Amino acid sequence: MTTKNKKLLLFDGSSLAFRAFFAIPNFDTFVNKNGLHTNALFAFHSMFKTVLDKEAPSHALVAWDAGKTTFRTEMYGDYKGGRQKTPAEFREQMPFFNVMLDAFGVSHYGLVNYEADDIIGTLAMQAADQGFEVVIVSGDRDLIQLARPNIRVDITRKGVSQLEPYTPETIDEKYGITPQQIVDMKGLMGDSSDNYPGVTKIGEKTALKLLHDYESMEGVYDHIDEMKASKRKENLINDKEQAFLSKKLARIATEAPVEVSLDDIVRQDIDVQALMTFYKDMDFNQFMSQLLDKTDNQDLLSEDWEDVDYHYLSQADQVSAELFSADTMALYMENLAKNYHEGQIEMVAWGSKDQIYVADANFILKQADFQIWLADVDKKKVVYDAKRSQVMLSKLGLDFAGIQDDVLIAGYLLTAKDLSKDLAELAHEFGIDQLAFDESIYGKGAKRALPEDQETMASHLARKIAAIWQLQSLTQDQLASNEMLDLYQDLELPLAKVLAQMEIQGVRVDRKQLETMQAEFDVKLGELENDIYQIAGHDFNINSPKQLGKVLFEELELPVIKKTKTGYSTAQSVLEKLQGKSPIIDYILDYRQLAKLQSTYVAGLQDFIQEDHKIHTRFQQTLTTTGRLSSADPNLQNIPIRSDEGRKIRKAFIPSHSGWKIFSSDYSQIELRVLAHLSGDDHMRDVFQAGQDIHQSTAMKVYGVDSNAVSKNMRRNAKAVNFGIVYGISDYGLSQNLNISRKEAQSFIDAYFESFPKIEDYMDRVVQEARDKGYAQTMFNRRRYLPDIKAKNFNVRSFAERNAMNTPIQGTAADIIKFAMLAMDKALKEKNLQARMLLQVHDELIFECPEEEVPVLEDLVPEIMASAVDLSIPLTVESSYGDNWYDA
DNA sequence: CAATTCACG
DNA sequence: ACGTACGTGAATTGA
């Protein structure tokens, strides 16, 4: 018999279930239909399944503590004393862990008088003796004492989502001791969570030092007389008894009277039916459908979704106006390409609740009745992704009108999540779990393709229509009760059409211009490369942070400023600190900048120039957490401007007609103005109303000096603090930005809040509101949910708090420019202007127009942008124009 | 596919 | 002590 496939997984059920409970602290959002809390079950399930899939053990057991008292309590009455009572929300979930485990085909076991640890220790040693590979998973670091050459101990980190593996090697690296010495360490230092004392004043550092010198606790006491007189020595002597008791308590039993043998814990097959029932009982809809997709157990599908009836149309005589007579119908057009400017519509489905039609796209899109229906504004359509539908039809020259609802946009507003990849993801988010994921129908990656038989796809599309139909009423109800209908109907839904037009319009790019730059950059890059190799003494890949790190920090022995998880950091901020230490640094900085421009922009953009000499980006309307747009394929919201070299790339962006101009208008300081409005800060308002320099006046306030006494440096610092405020300030972040100490940064922040008390009040208020309601919101009721705002972990919680401060500011600014875009679109049409809106870059709108329209836009655009919404602070807009984006 | 880096607001 | 400034997308390396 080979030992190769013998692998035992031992799961510390008690510690992991408890940790799972605290991994999802907002447990009130995890309740099933019977009112049972499910957060611990949910988190435990996620990690358990991940580990089971990853380790694929032949044998597995989940160990539980069997009761409150154990042999350890006999030795020490206060063992694990002082612990808080188990929360009722956790206790009620306990019976269901084993139900889950039974369904997974994994055994579980508890032993009277012993802890889960002892069961694990005993079985681990038995299995290791028999040549098993053993993996132990626990949330309790004490278990690392069990690590051996073929026993690995994985300890959870960050809730339960990550595991840190411990082997004899890693323990040696981290602590410099063997696994067997862990009990000596625990004995000396004690354990506050298990409530045993160890030796007074000895913590981890001291315990390790003593063990390094004397190997074991016995060794320490054998040599106690040789130690110099000290408080520590006294403590060691006084606490000797306690220390040996603690060591005993820390030692995990490896010969507990465990009644199960390795043969008893062979892993069984998953009981699909039992698991489905468990998922259903717990309302774990997402897992249910994953299981369905995996097992092909379509017969487990519930309710009247079992077979969604549809008519498949393939002949002209099957199509008539009658098919399109309903007032409102759902419409879905499948195009497998993520970028809908590419690919083609493969199949179309439409219909209402009880009448669903599906047809091949090639056929139906040519039918007059279908085209008439599409263009009829009075025939309402409910879609998933209006912009996508609009663009695809427009490319075919088909008119599309009467969009009543877009369930993607509605879903995005309700969840602030990106659900644009797959309708099934949106459906599942709203508890509709009878729709398969596209991945299970079309495959993924290179294997993504149309299914072989048409019926599979047709039925999938019919189900999508059913899902859209159901989602419409669900989302409309929720939007109404969240008071988000205005945001949806008056802003996002009409905006989809405007964005579609902008994408279709595209922006013209001069390829020649880019080609010339490319040749120039190639020469410069070649020169820099040579200079760098010369100093390094050999060739290497400068683009590889790993290789570059080796050259800089090992070969050239430059000081290490910062490390990443995988090695030395070679980020720009680090390199800048090394400037002057070696001439190679300046060359690398130049090389980096040029290589970035070359690959991403000069060369990269050329790949997106279409036959019409234009680039058609996609504005993603349902992606960001704050309500901003994003731009992709390619991203036209991050075209270089900050460096002189990079800015020249904008020369390639030109009007699509000769004699036309590029016209650009941007809001100045929109986020700070929004902050002034939302906080009601009098001083800030006065500054903006008087049209003064906000950073200058912030500097005056914070430093308490006159306008003429504000130095360049003072203004720079004030500007950084203003930015920091908008981001949700932290002393650490500000210190990084200004390259000052944290202490100095903190005193800046204190001075700022002293000068602007209303800003501080406002920040406190939004964080408190996020804690109370669970979300932050913009002026126009856009929400961002922040479940981590109550996290125990400082970093996780702080991040959520900064989000709470930043989201209303960034999000309201995003709302404002969206309103401006709608108004601009309307104004251009009403005034019959030829000017076209091309791009939006967060606080900036870019147009192209005939030269004679420039004077019109110079008045119109600022007027419309400034009056897009009503604020207590004036919005100011600056405009410019030129023959290309650079000159504008 | 994750990690690192860097372009923009 | 903790170790991040907010929001994005794309290129590259290397497992």
Side-chain angles (χ1 to χ4, degrees), chain A residues 158 416 418 444-445 540-549 562-575 588-589 591-605 607-608 617-620 623-643 645-647 649-650 666-671 675 720-738 742 745 749 776 784 791-811 813-814 817 839-845:
Chain A
K158 255 194 181 181
D418 177 17
K444 73 167 179 176
F540 67 100
N541 189 342
I542 307 166
N543 291 319
S544 160
K546 194 177 167 190
Q547 294 181 36
L548 180 62
K562 197 172 133 196
K563 287 195 133 195
T564 66
K565 346 181 182 173
T566 51
Y568 312 107
S569 170
T570 66
Q572 193 172 308
S573 62
V574 170
L575 296 181
I588 290 167
L589 284 167
Y591 178 90
R592 276 265 177 87
Q593 192 196 16
L594 225 49
K596 173 87 180 182
L597 296 174
Q598 182 79 309
S599 64
T600 308
Y601 302 101
V602 180
L605 283 176
D607 297 336
F608 287 96
T617 185
R618 281 185 304 127
F619 287 108
Q620 305 195 94
L623 180 146
T624 69
T625 49
T626 55
R628 274 190 176 184
L629 298 177
S630 91
S631 158
D633 303 326
N635 182 354
L636 294 185
Q637 290 182 322
N638 73 344
I639 303 302
I641 190 165
R642 292 176 192 169
S643 74
E645 292 274 62
R647 186 156 58 227
I649 289 162
R650 296 185 169 220
D666 66 289
Y667 285 114
S668 59
Q669 310 292 358
I670 187 166
E671 293 191 338
L675 172 61
V721 176
N722 276 331
F723 267 95
I725 293 293
V726 168
Y727 292 153
I729 198 134
S730 74
D731 53 1
Y732 185 82
L734 185 66
S735 74
Q736 288 294 299
N737 189 279
L738 285 176
R742 252 179 67 188
I749 295 168
R784 174 181 186 173
K792 290 260 184 319
N793 182 298
F794 174 87
N795 289 319
V796 174
R797 187 177 64 247
S798 303
F799 188 46
E801 287 170 355
R802 292 195 299 276
N803 288 154
M805 298 187 249
N806 173 259
T807 297
I809 303 172
Q810 190 181 118
I817 195 166
L839 298 171
Q840 184 251 47
V841 192
H842 310 307
D843 63 356
E844 178 185 11
L845 294 177

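Everything numeric here is computed off the predicted structure, so don't read it as measured data. Values below: all heavy atoms of this structure, side chains included; hydrogens, waters and symmetry mates excluded. By convention in this document, chain letters (A, B, ...) are assigned in the order of the sequence lines, proteins followed by strands, and residues within each chain are numbered from 1.
With both ends at atom P, the span from dT4(C) to dT4(B) equals 11 Å, rounded to whole Å. Look at the P atom in both dA3(B) and dA5(C): the space between them is 16 Å, to the nearest Å. Taking atom C1' in both dG3(C) and dA7(B), the straight-line distance is 25 Å, to the nearest Å.
Between the side chain of Gln637(A) and the base of dC8(B), no donor-acceptor pair of N or O atoms lies under 3.5 Å. In this model, no side-chain donor or acceptor of Arg802(A) finds a partner on the base of dG7(C) within 3.5 Å. Between the side chain of Arg618(A) and the base of dG9(C) there is no donor-acceptor pair of N/O atoms closer than 3.5 Å.
Heavy-atom minimum distance, Ser631(A) versus Gln637(A): N-OE1, 3.4 Å. Considering every non-hydrogen atom in both Gln547(A) and Asn541(A), the closest pair reads OE1-N, 2.8 Å. Looking at every heavy atom in both residues, Ala745(A) comes nearest to Ser735(A) through CB-N, 3.7 Å.
Relative to the side chain of Phe794(A), the nucleotides dC2(C), dT5(B), dT8(C) differ in distance, and dC2(C) lies closest. Side-chain atoms of Leu734(A) lie closest to dA5(C) of the nucleotides dC6(C), dA5(C), dG3(C). Between dG7(C), dA10(C), dG3(C), one nucleotide has an atom nearer to the side chain of Arg742(A) than all others, and that is dG3(C). Comparing dG14(C), dA10(C), dG7(C) by their nearest atom to the side chain of Arg628(A) picks out dG7(C).
Base contact: Ala720(A) has a heavy atom under 4.0 Å from a base atom. As judged by a 4.0 angstrom heavy-atom cut-off over every strand, Gln620(A) is placed among residues touching the sugar-phosphate backbone only. Counting non-hydrogen atoms under 4.0 angstrom, Gly728(A) reaches nothing in the nucleic acid. In this structure, Glu844(A) reaches neither bases nor backbone, as no heavy-atom distance under 4.0 Å exists between it and the strands shown. Among the atoms of the strands shown, base atoms are found under 4.0 Å from some heavy atom of Asn795(A). Ile641(A) comes within 4.0 angstrom of sugar-phosphate atoms only, judged by non-hydrogen atoms across all strands, and of no base. Heavy atoms of Leu629(A) sit nowhere under 4.0 angstrom from any nucleic acid atom. Within the nucleic acid shown, Thr625(A) comes within 4.0 Å of sugar-phosphate atoms alone, with no base atom in reach, counting heavy atoms only.
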### Query
How far apart are the C-alpha atoms of Lys546(A) and Thr566(A), what are their side-chain angles, what is the distance that settles it, and do they pass the side-chain contact (heavy atoms from CB on, under 4.5 Å) test?
CA-CA 8 Å; Lys546(A) 194 177 167 190; Thr566(A) 51; over 6 Å; no

### Query
Taking it one step at a time, do Glu645(A) and Arg650(A) satisfy salt bridge (Lys or Arg N to Asp or Glu O under 4.0 Å)?
CA-CA 10 Å; Glu645(A) 292 274 62; Arg650(A) 296 185 169 220; over 6 Å; no

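Looking at His842(A) and Ile817(A), their side chains never come closer than 4.5 Å, going by heavy atoms from C-beta outward. Under the 4.5 Å side-chain criterion, counting only non-hydrogen atoms from C-beta, Ile649(A) is in contact with Leu605(A). When side chains are defined from C-beta on, Asp633(A) does not count as touching Thr617(A), because their heavy atoms never get closer than 4.5 Å.
Between Ser631(A) and dG9(C) there is no side-chain polar atom (N or O) within less than 4.0 angstrom of OP1 or OP2. An OP1 or OP2 oxygen of dA7(B) is reached within less than 4.0 angstrom by a side-chain nitrogen or oxygen of Gln572(A). Contact annotation: Asn635(A) side-chain N/O to dA7(B) OP1/OP2 distance is not under 4.0 Å. For Asn803(A) and dG7(C), the shortest distance from a side-chain N or O to OP1 or OP2 is below 4.0 Å. Considering only side-chain N and O atoms, Arg784(A) lies under 4.0 angstrom from the phosphate OP1 or OP2 of dG7(C).
The backbone N or O of Asp731(A) lies less than 3.5 Å from no partner atom in the side chain of Arg742(A), so there is not a single donor-acceptor pair. A side-chain donor-acceptor contact under 3.5 Å links Arg797(A) to the backbone of Ala791(A). Judged purely by atom type and a 3.5 angstrom limit, Tyr601(A) uses its side chain to pair as donor or acceptor with the backbone of Asn638(A).
Scanning residues 562-571 of chain A for heavy-atom distances under 4.0 Å to DNA chain C yields an empty list. Applying a 4.0 Å cut-off to non-hydrogen atoms, the residues of residues 591-601 of chain A that approach DNA chain B are Arg592(A), Gln593(A), Lys596(A), Tyr601(A), listed by residue number.
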#### Entry: Bracket string, DNA chain C, 5' to 3' - pairs by Watson-Crick or G-U geometry under 3.5 Å, | interstrand
.....|||||||||.

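The one candidate from Asn543(A), Leu575(A), Leu597(A), Ile542(A) that meets the side-chain contact (heavy atoms from CB on, under 4.5 Å) condition with Arg592(A) is Leu575(A).
Counting heavy-atom neighbours within 6.0 Å of Phe723(A) CZ, excluding the residue itself, gives a total of 12 or less.
Distance, Leu548(A) CG to dG14(C) C1': 15 Å, rounded to whole Å.
Place His842(A) and Tyr732(A) on DNA chain C by their nearest nucleotides, and Tyr732(A) ends up nearer the 5' end.
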